Structure formats: structure tokens, C-alpha cells
Amino acid sequence: MHTTWIDGLAQVTVQHTGATDWYAVQGSPVPADDEDAGRAVHQAAVEAVKEGGGRAFSFPV
């Protein structure tokens, strides 16, 4: 999982282990006013992936 924060948006992408392609997470990019908000988006995405279930999730920023 990788999150890029640029111009007030956090873009979250994921990659399968051993793969070369990155995929945008559904619902991304999301507004993130500053770098701390971008980190919060990343952590929320990581936690959702850990939960599993393949569900869509929203970013609480």
C-alpha cells in the first residue's frame, strides 16, 4: 500500500506481493488538507485492508 499526498489530495494505491502494477483504491483520491491528514488517510486504508472482507471503505479525514 502506498499513499501519495499532493495538492491537498491523498491518492492511495495497492499492489499485490511480487507484482509490478499498482491499483488505485476505490474512493481515492480523497481530500487531505495537510501531510498529517494524508498520513491519517494512509493509516485508515491500512487498517481497512487488515480487516479484510474486500469491502469498500471511506476515509475518515
Side-chain angles (χ1 to χ4, degrees):
M1 179 159 289
H2 181 75
T3 303
T4 306
W5 176 70
I6 300 173
D7 295 329
L9 292 174
Q11 173 72 44
V12 182
T13 56
V14 295
Q15 179 186 50
H16 292 281
T17 302
T20 57
D21 295 328
W22 287 87
Y23 299 95
V25 172
Q26 183 178 355
S28 178
V30 296
D33 293 334
D34 56 29
E35 193 171 347
D36 287 338
R39 287 187 186 119
V41 168
H42 177 81
Q43 191 59 42
V46 168
E47 294 303 319
V49 169
K50 285 180 180 179
E51 284 183 22
R55 63 178 173 74
F57 58 92
S58 59
F59 299 101
V61 176

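Quantities reported herein were computed from a predicted structural model and do not represent experimental measurements.
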Item checked: Point-to-point distance, once rounded to the nearest 0.5 Å, from CZ of R39 to OG1 of T3 ->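 Output value for this atom pair is 11.5 Å.
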Notebook entry, point to check: How long is the gap from NE2 on H42 to CD on E35, to the nearest 0.5 Å?
Noted result: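 Going from the NE2 atom of H42 to the CD atom of E35 covers 12.5 Å.
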Next item on the list: List the atom of G38, the atom of A32, and the distance in Å for their closest heavy-atom pair.
Entry: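 So the minimum-distance heavy-atom pair works out to N-CB, 3.7 Å.
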Checklist line | Minimum heavy-atom distance P29-Q11, with the two atoms named | finding: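 It is CD-OE1, 3.4 Å.
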Check: With side chains defined as the heavy atoms from C-beta onward, is the minimum distance between E51 and V49 less than 4.5 Å?
Finding: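 Of all side-chain heavy-atom pairs linking V49 with E51, none is under 4.5 Å.
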Notebook entry, point to check: Is there a side-chain contact between V12 and V41 (heavy atoms, below 4.5 Å)?
Noted result: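 Yes, their side chains come closer than 4.5 Å.
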Only pairs under 3.5 Å count here: list side-chain donor-acceptor contacts from residues 14-23, not counting sequence neighbours, and write none if there are none.
{"unit_1": "Q15", "atom_1": "NE2", "unit_2": "A19", "atom_2": "O", "d": "2.8"}

Next item on the list: Output all residues satisfying side-chain hydrogen bond (donor to acceptor under 3.5 Å, both in side chains) with T13, sequence neighbours left out; order by chain, then residue number.
Entry: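 In terms of side-chain hydrogen bond (donor to acceptor under 3.5 Å, both in side chains), with neighbours along the sequence ignored, T13 is linked to no residue.
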Check: Does one hydrophobic cluster hold both W5 and V30, with members joined at side-chain heavy-atom distances below 4.5 Å?
Finding: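 No, no single cluster joins them.
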